[in-house]
Amino acid sequence: QVQLVESGGGLVQAGDSLRLSCAASGRTFSTYAMHWFRQAPGKEREFVAAISWRGGSTSYTDSVKGRFTVSRDNAKNTVYLQMNSLKPEDTAVYYCAAVRWGALTKLAADSQYDYWGQGTQVTVSS
């Protein structure tokens with residue numbers, strides 16, 4: 001069993017930076033690919049970024065390329081999302097999700113992920 005807890009969200013101004021963390025319990029964290037999603041009010045949940053279980057590969061949605069960086073520290077059971085040059089349209093609840101031995105591409109259904117975090121709110125004011 002793995003539990004995921006996101007943190008690091010908050011209220012910032014456009015152009016600012018935030019670093020989100022997703023801390024995992026359990027001893028098998030290094031076997032999970034980790035994905036970040038976000039959901040803005042009234043919108044569907046959107047894939048943001050992913051990192052392979054060893055951390056050697058990453059993928060991003062086009063709207064965050066060059067601004068967001070996903071990384072992980074398997075010794076600390078934590079995955080990070082560094083968000084720079086934030087824009088008002090980045091405002092959303094951000095979630096991390098885990099899929100064991102998973103790939104970097106978004107899975108077809110949320111239920112295919114093994115674990116989800118509870119989310120952390122990011123609000124970017126203009």
Side-chain angles (χ1 to χ4, degrees):
Q1 185 76 9
V2 173
Q3 289 186 323
L4 304 177
V5 179
E6 301 96 335
S7 62
L11 172 63
V12 297
Q13 293 187 331
D16 286 349
S17 298
L18 276 176
R19 188 177 79 157
L20 305 183
S21 299
C22 171
S25 63
R27 295 178 292 179
T28 59
F29 175 73
S30 62
T31 65
Y32 288 86
M34 298 299 297
H35 293 202
W36 283 98
F37 288 81
R38 65 187 179 186
Q39 188 166 21
K43 295 187 177 181
E44 292 187 354
R45 186 145 53 185
E46 172 191 27
F47 171 83
V48 175
I51 187 165
S52 61
W53 47 281
R54 285 183 176 176
S57 300
T58 58
S59 68
Y60 301 90
T61 192
D62 286 346
S63 62
V64 307
K65 284 180 181 177
R67 299 189 299 121
F68 290 12
T69 303
V70 59
S71 62
R72 67 189 297 160
D73 185 340
N74 285 345
K76 295 183 178 179
N77 279 14
T78 302
V79 62
Y80 305 98
L81 186 67
Q82 178 67 43
M83 306 186 295
N84 298 330
S85 302
L86 282 162
K87 303 176 181 180
E89 51 264 43
D90 294 318
T91 295
V93 177
Y94 283 72
Y95 301 89
C96 60
V99 53
R100 197 163 194 194
W101 310 119
L104 298 181
T105 52
K106 176 186 175 298
L107 300 179
D110 290 354
S111 59
Q112 291 179 291
Y113 287 87
D114 295 304
Y115 303 102
W116 286 88
Q118 84 291 347
T120 186
Q121 176 71 46
V122 172
T123 303
V124 185
S125 64
S126 57

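The figures here come from the full heavy-atom set of this structure, side chains too, leaving out hydrogens, waters and symmetry mates.
- In this structure, the separation between OG1 on Thr58 and CZ on Arg72 is 12.0 Å, given to the nearest 0.5 Å.
- With Thr123 as the partner, the side-chain contact (heavy atoms from CB on, under 4.5 Å) test is satisfied by one option alone out of Thr91, Leu86, Asp90: Thr91.
- Contact of the Met83 side chain with the Arg67 side chain is not registered, since no non-hydrogen atoms from C-beta on lie closer than 4.5 Å.
- Within the 4.5 Å cutoff, no side-chain heavy atoms of Val124 are placed close to those of Asp16.
- Residues Thr105 and Ser59 have side chains not in contact (no heavy-atom distance under 4.5 Å, counting atoms from C-beta outward).
- Using a 4.5 Å heavy-atom threshold, the side chains of Gln1 and Tyr115 count as touching.
- Using modelled atom types, no side-chain atom of Ser30 and backbone atom of Asn74 make a donor-acceptor pair closer than 3.5 Å.
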(request) Could you check Asp73 against Tyr80 for side chain to side chain contact (heavy atoms under 4.5 Å, CB included), going step by step and ending with a plain yes or no? (result) CA-CA 8 Å; Asp73 185 340; Tyr80 305 98; 4.1 Å; yes

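- Atom CZ of Arg54 is surrounded by 12 or fewer heavy atoms from other residues, nucleotides or ligands within 6.0 Å.
- Minimum interatomic distance between Ser126 and Ala14 (heavy atoms only, all atoms of both residues): CA-CB, 4.4 Å.
- Ser21 and Thr78 get closest at one heavy-atom pair: CB-CG2, 4.1 Å.
- Glu6 places a side-chain N or O within donor-acceptor distance of the main-chain N or O of Gly119, the cut-off being under 3.5 Å.
- Contact annotation: the side chain of Met34 approaches that of Leu4 to within less than 4.5 Å [non-hydrogen atoms, C-beta and beyond].
- When hydrophobic clusters are built by joining Ile, Leu, Val, Met, Phe, Trp and Tyr residues whose side-chain heavy atoms come closer than 4.5 Å, directly or via intermediates, Val122 is grouped together with Leu81.
- The number of heavy-atom neighbours closer than 6.0 Å to CD of Gln3, taken from other residues, nucleotides and ligands shown, is 12 or below.
- When the side chain to side chain donor-acceptor pair (under 3.5 Å) test is applied to Tyr94, the partners found at least two apart in sequence or on another chain are Arg38.
- Once rounded to the nearest 0.5 Å, the distance linking OG1 of Thr61 with CD of Glu46 reads 5.0 Å.
- Here Gln118 contributes atom CD and Thr120 contributes atom OG1; the two are 7.0 Å apart, rounded to the nearest 0.5 Å.
- Linking Ile, Leu, Val, Met, Phe, Trp and Tyr residues whenever their side-chain heavy atoms come within less than 4.5 Å leaves Tyr95 and Tyr32 in two separate clusters.
- Residues in residues 36-68 take part in these ring pair (Phe, Tyr, Trp, His ring centres under 6.0 Å) pairs, two or more places apart or across chains: His35-Phe47, Phe37-Phe47, Phe37-Tyr113, Phe37-Trp116, Trp53-Trp101.
- Sequence neighbours left out, the pairs with a member in residues 12-96 that pass disulfide bond (SG atoms under 2.5 Å apart) are Cys22-Cys96.
- With contacts defined as side-chain heavy-atom distances shorter than 4.5 Å, the pair Ser17/Asn84 qualifies.
- Under the 4.5 Å side-chain heavy-atom criterion for Ile, Leu, Val, Met, Phe, Trp and Tyr, Val12 and Val93 are members of distinct hydrophobic clusters.
- With a 4.5 Å cut-off on side-chain heavy atoms, Ser63 and Lys87 do not count as touching.
- Formation of a donor-acceptor pair under 3.5 Å by the Gln39 side chain with backbone atoms of Ala92 is not found in this model.
- Linking ILVMFWY residues whenever their side-chain heavy atoms come closer than 4.5 Å, directly or via other members, places Val64 and Leu18 in the same cluster.
- Both Val2 and Val70 belong to a single network of hydrophobic side chains, linked directly or stepwise wherever heavy atoms of I, L, V, M, F, W or Y lie under 4.5 Å apart.
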